[in-house]
Amino acid sequence: MSRSDIEPADSRPQVELSEMTLASQDTDIARGAPTRQQTERVRTTEAKSQGRLVRERFFRHKGALAGMGLLALIVLLSFSSIGVAGIPGWWNKDYDVLAARFNEGRPTLTLWPFSLGEHPFGQDVLGRDYFALTMRGIQTSLIIAMTVGLVATLVGTAVGAIAGYFRGWTEAVLMRITDVVITIPTVVIAAVMAGVVARFGILPFGVFLGLVTWTGLARIVRGEFLSLREKEFVESAKSVGASSARIIFRHILPNTVGVIIVFATLAISGAILLETALSYLGLGVVAPDTSLGKAINDNRSALTVRPWLFLWPGAFIVGIALAVNFIGDGLRDAFDPKQTRIKQ
Amino acid sequence: MLFFIAKRLVISFFIMAAATTLMFFLVISSGDPLSDLGEASGSAKKATIAARTEAMNLDQPPLMRYFLWLQDLGHCLVPGGVDCTLGTDRSGNAVLPQLESAIGSTFRLVLVATVIALVLGVVVGIVTAIRQYTTFDYSITFISFVLFSLPLFWLSTLLKQYMAIDLNTWLANPQFPYLTILLVGVVAGVIWTVVVGGDRKRRLTVFGIAAAATAVALWLLLVTGWFVTPGLGPVGMLISAGAVALLWTALLAGFRRRRILYAALTAAAVGYAGYLLSIPLLANPNWLTVLALLGLTVAAAYAAGGFVGGPYRARAARISAVIAFSIGLLIFLDRLLQAYPELSARSGGRPIPTTGSESPNLSGGFWETNLDYALHLILPTIAITLISFATYTRYTRASQLDVMNQDYIRTARAKGLSERTVLVKHAFRNAMIPITTLMAFDFAGVLGGAVITETVFGWNGMGKMFVDGVHTVDPAPVMAFFLVVGTAAVLFNMLADIAYAFLDPRITLS
Amino acid sequence: MTAEHTGTLSDDAVSPADGPILSVRGLGVDFNVDNEWVMAAEDVSYDIHPGEILAIVGESGSGKSMSSMALLGLLPRNGRSKGSARLMGKELIGAPQKTLRRIRGNDVAMIFQEPMTALNPVLTVGEQIREAVEQHTEASPAAAKERAIELLRMVEIPEPERRYDSYPHQFSGGQRQRAMIAIALANDPMLLVADEPTTALDVTVQAEVLELLRRLNKRLRSAILLITHDMGVVADLADHIVVMERGRIVESAPSQQLFLTPKEPYTRQLLDAVPYLGSKVGGVLTDVEVVDGSIRIHEDYAERALAHRQEHTAAGTVPALELAGVDIEYPGRFRQPPFKAVHDVSFTILPGEVMGLVGESGSGKSTIARAVTGLIRTSAGSVRIAGTDITSLSARQILPLRKKFAIVFQDPAASLNPRLSIGDSIGEPLYLHEKLSRADLDRRVQGLLEDVQLPVSFRNRYPHELSGGQRQRVGIARALSLRPSLLVADEPTSALDVSVQAAVLKLLQELQRERGFACLFVSHDLAVVELLASHIAVLSKGRLVEQGTTEQVLKYPRDPYTRRLLAAAPVPDPTEQAVRREQRNAILAAGTTAS
């Protein structure tokens, strides 16, 4: 009698009275503290889809909400200020225009009373507007990170799913390849080629980083597939003659979506840090593009005299990575009802 | 077990072979090794090109170059190691000597950082799990998320720029106004209160004791000039030895069995005797002497503790050995610190270095050399530790929480075991099982991260070799670096599996 | 065993003969979930006297376990208890942890349901017993070890000195539960709280563990608080019974009285729902006699059985399912020999017939169910479904045949895809095989929901919103969607509460009668099989040891294993169970000798 599943609403009309009276509470509270689902059973009468439950749990996670807010704010700021893809934004300076330095390039931003001033984040050694430059860096870094997240997720999911579902030789070959790639630390394998790939532009750079960071997800997805393919609902689908494709896409994959989404978010925050680290080593984004890491690298000698050149991009790196990490944590909690928060 | 190791070694060999192939071709296809010569003039350029072609076998096709590199590697695998050079870099210098001089500083950095991060991370992780959903738990969660999100190089630069400079300035004249001492006490009090928790009365007591103790201790350290001439001294050592004995007994055995407590105190006495007796031997020792003395102390304490332990011989002996080992570490630390005034003076009163892995031309004894290493390690270790610490804390917390919800913990409680036994004996070992795997991954990751740390702190380690090699499209140094890192990764994975089987009797190695 | 140690409380408290060991009054337990207090048990009152076995019976969610955990302050962190529970006059509820720690494992010990998870996997069994001794006595490690070995011997673990150093995973399920009992008895507790002590065990092992508990109870004169959902176990062991429902006590009476004249409708309903072994065929093992230590079966019955069997297989119709000489092997891995789960199994099910396949865990019964539905490959023999051998067919060739057979799984929670709506789950086979239009599909799904007596509105719900019984109904609807001629039911009700089980069985029976499909009903529970099946096949360690009509197998089993299985199954009637216990011991003593 050890079932701790999610249970239905109590107050809905039932067909059979005998089953109703005896069985409507057939989760054994004795096996553990009642979970949120069980109380939801008591409180709510309407049906909820799995997706909606996940959403509700996510929105209860304060850290994740704060992360969402922060990320949205940063994205909005960077894209609206200097515009994107030729559409102008509300900020009137360009990041690659040299100008005379104003007050030694110090930031003019004041918080109280709030005013942006001429150069809110100051100017770099060459007199470029550092606000525009930072915004541009955020855009680049975000685009690269998203590309990395997307590519790594797709490759990792595909490799893991195929290995975990088909087993046998396919699995052996795919997992050995994964082992080989995983033996090389990410920074190392990325650093070797990054310098070359980055010359082709930021998108190929992002794709390349994605191609070296999928291994973790491949292992996780394979593990999920290995356990899910033994589940009775998969056997049930097999017994009615569902094809392999149908079983993978309709039955197993939807049940792994939680871990995949969580990995994708973490891959994004990891990619932000990786991209900046590579740019710092001089192996990342090349001019005329700029990224947060490149901005720091370009100005690292200026730290003593012009610390703001170092701090602004750094603060945004931390901000973005922190926001994405919190979102990932919220998603993990939302997809994994085992970790229901119980207050003492 | 032997079969398992043999099997893993064979598999690892093939994985490494495949990985080196991949790396080699990635490196040589990553650019033109002659591109930096574009501006140079005629004859010099020609000579350089010829030299490089000779050193890097540029006249050969890529596949051939790989086989030539494999041949160089093969020389090192042959017993005796004749002609073992690991190839030559583009200037024609053998890579092996460069690697030998670089490997020490890198491993020092990585090992120290990993050990500190592991110990701190596991302890804090377990405390956060026990005190789940308290202010302490939330704070640590938030802090670890921030640490996760910090770029290593950015953090390192900040540490170098701000912390090191301020610390050095303060160490030149180590004084605090009373208000600062008080403030430090209050902060410490708040931290302890949050860690310990409990009802209002208990929280107030904890706050009072912790704040007062910290403030008084700090004040004592300042007035006795500890920050100028640090060290424990005979009295400090005696108090520390006793405290260490009580602490380990409280953690590992509890005070219910008097015989075990007596055994622990005996071990402390043995350790202290070792401290007094070893003073002449430790004037300028070498590593062998130090390790032999440590081994001797531990063995003596093991025997003495077992004897005093009586019916609890086995457990008492084990605890005694742990206590003696801890005291041994304290003695080492004490001796190391005694070299501080000398070194501080030599560095012109700015003892915390911000660049390099050791002071050039330092001619000192055993203690000076090692303290010099240690001081150079401080900043990079803090940077790496902070980031690894976040990972260990989160994983340990999750693992411990998972274990605490298991049925066997309920069984242990139902037996009437004390909370200490439940946590230390039943929960801890189970919670550590998944951490072993994490450790293997983390170690390899930190080794990779050395690439960045060494660049920031200007170390001449393997990471620098790698970065330079990548910039100049020079495969031999890059491959040498990868050989070390990859082998370490593979070996640590195997060690993790062995540790796993050691911790979990359900796993058999085959 | 001499009582060298006495509980800390019995020294200063009243002598045990004078009053109850434990007196519970108005005990309540609630849990804080999202800052709301949810009641788990309320106003629970009972007394346990020395030497008495008190059973608390209830279905899942009745609060029976939690109210017992509250006694020792072992509630999860978000739980709280109120009311009073006095152990030899000392109040337990609200007592400080320090006091409770001295009582736990010393005056009051606990046995839990799942011995695999209740024992620490990384410590040896001996160590786990020893620390319980050391915690409450001043015994030296050597003395405590001696005591632990003595305890292992007492719970009948063979070679206790050697097994002392074994880890829990090296014990069998029954041995693990015995080790758990040894831990509980380490300090001669005056009260033993046994929380579903045999639920995770096979029926023959269960019988042994119950026997052990009974003997220990008599010998040590300690009281037992037995928490269970199983009426058979209760009838076997309990002196007094407390029935709980939704956190409240419904009825409390001496064992005999409760089974004979239950007062409350809920108790009656509960008792009616319990399948009673032998109720359909009129008794079990009735025609087996033990004379002078050997077993005698009336010859004419045996002959009749043989004749019937020939008649059965010789009939002219094409069987719905025919297994001939089936072997199933799980492939070995490197350095690990393949494991043969099923050896040479042959049986036949005629159209419209229900065959019960009975066996304990590891007997290979679920393996056969999966092989029959083409989910795993056989290594020898043939599986004919309506005349076609499916073992030689490729996945593509099997596809059209899949309409003819369907399977219902054991765990209703795991057998439905959590991400598909109920309607999609039920409609999947129809979608795959009949390519219906959306409207037709909807109509068919609607009809199927009605067939299994679920409201049509359930179509848009998801599995997690349904109860276990409802989910199993969905599983049945899905299995029957293509009107198969053969239904394989793999323990379809073993994860359900007894009253839900009764309803699901009734539904299955009705549908079978209505639609006339043949059914292979796999179960460990003989009483359930008896209700449904006309024929029974008994499986032991991968071999078919006996098959025949239900009446034959239950009344005059020829195989010793079948007899053991039948004798071990408890029936929900204390009087009869006492008789059966005698019979069981006689049959076991007679062993395999048959004349």
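Just so it is clear: chains get the letters A, B, ... in the order the sequence lines come, proteins before strands, and each one is counted from 1.
Aromatic ring orientation, A:H251 versus A:F233: tilted (interplanar angle from 30° to 60°).
Taking A:R250, A:E235, A:K231 one by one and counting their heavy-atom pairs under 4.5 Å with chain C, the maximum is reached by A:E235. Contact count against chain A (heavy-atom pairs under 4.5 Å) is highest for C:N417 among C:N417, C:V408, C:V488. Between chain A and the residues C:I407, C:L401, C:L420, C:V29, the most heavy-atom pairs under 4.5 angstrom are made by C:L420. Contact count versus chain A (heavy atoms, under 4.5 Å) is highest, among C:I227, C:L375, C:T373, C:L75, for C:L375. Listed options A:S236, A:G241, A:A237, A:S243 were ranked by heavy-atom pairs under 4.5 angstrom with chain C; first place goes to A:S236. For the set C:H433, C:Q410, C:R370, the count of heavy-atom pairs under 4.5 angstrom toward chain A peaks at C:R370.
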**Request:** For the pair C:Q397 and C:S394, evaluate side chain to side chain donor-acceptor pair (under 3.5 Å) and give the outcome as yes or no after the intermediate values.
**Result:** CA-CA 5 Å; C:Q397 285 168 313; C:S394 71; 3.2 Å; yes
**Request:** Apply side chain to side chain donor-acceptor pair (under 3.5 Å) to A:D329 and A:H61, showing your working.
**Result:** CA-CA 9 Å; A:D329 191 50; A:H61 193 287; 3.1 Å; yes
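Of the atoms belonging to C:D424, it is side-chain heavy atoms, and not backbone ones, that fall under 4.5 Å from chain A. Using a 4.5 Å cut-off between heavy atoms, C:Y431 touches chain A through its side chain atoms alone. For a residue to count as touching a neighbouring chain, one of its non-hydrogen atoms must lie under 4.5 Å from one of that chain's; by this rule A:V257 touches chain C with the side chain only. Proximity to chain A (any heavy atom under 4.5 Å) is restricted, for C:L416, to the backbone atoms N, CA, C and O.
C:D30 meets the salt bridge (Lys or Arg N to Asp or Glu O under 4.0 Å) test with C:R80, C:K82; sequence neighbours excluded.
Checked against C:E196 for a side-chain contact (heavy atoms from CB on, under 4.5 Å), the options C:T228, C:V233, C:D230 give a single hit: C:T228.
Side chain of C:R473 to backbone of C:V452: a donor-acceptor contact under 3.5 angstrom is found.
Taking the charged nitrogens against the carboxylate oxygens, A:R219 and A:D179 do have a contact shorter than 4.0 Å, which makes a salt bridge. A salt bridge does not link A:R60 to A:D333: none of the charged side-chain nitrogens sits closer than 4.0 Å to a carboxylate oxygen.
Donor-acceptor pairing under 3.5 Å is lacking for the side chains of C:T199 and C:Q113.
One finds the CD1 atom of A:I261 at 12.0 Å from the CG atom of A:L266 (value rounded to the nearest 0.5 Å).
Scanning both residues, A:A267 and A:G149, for their nearest heavy atoms gives CB-CA, 4.3 Å.
Among the residues in residues 150-160 of chain A, none has a non-hydrogen atom closer than 4.5 angstrom to a non-hydrogen atom of chain C.
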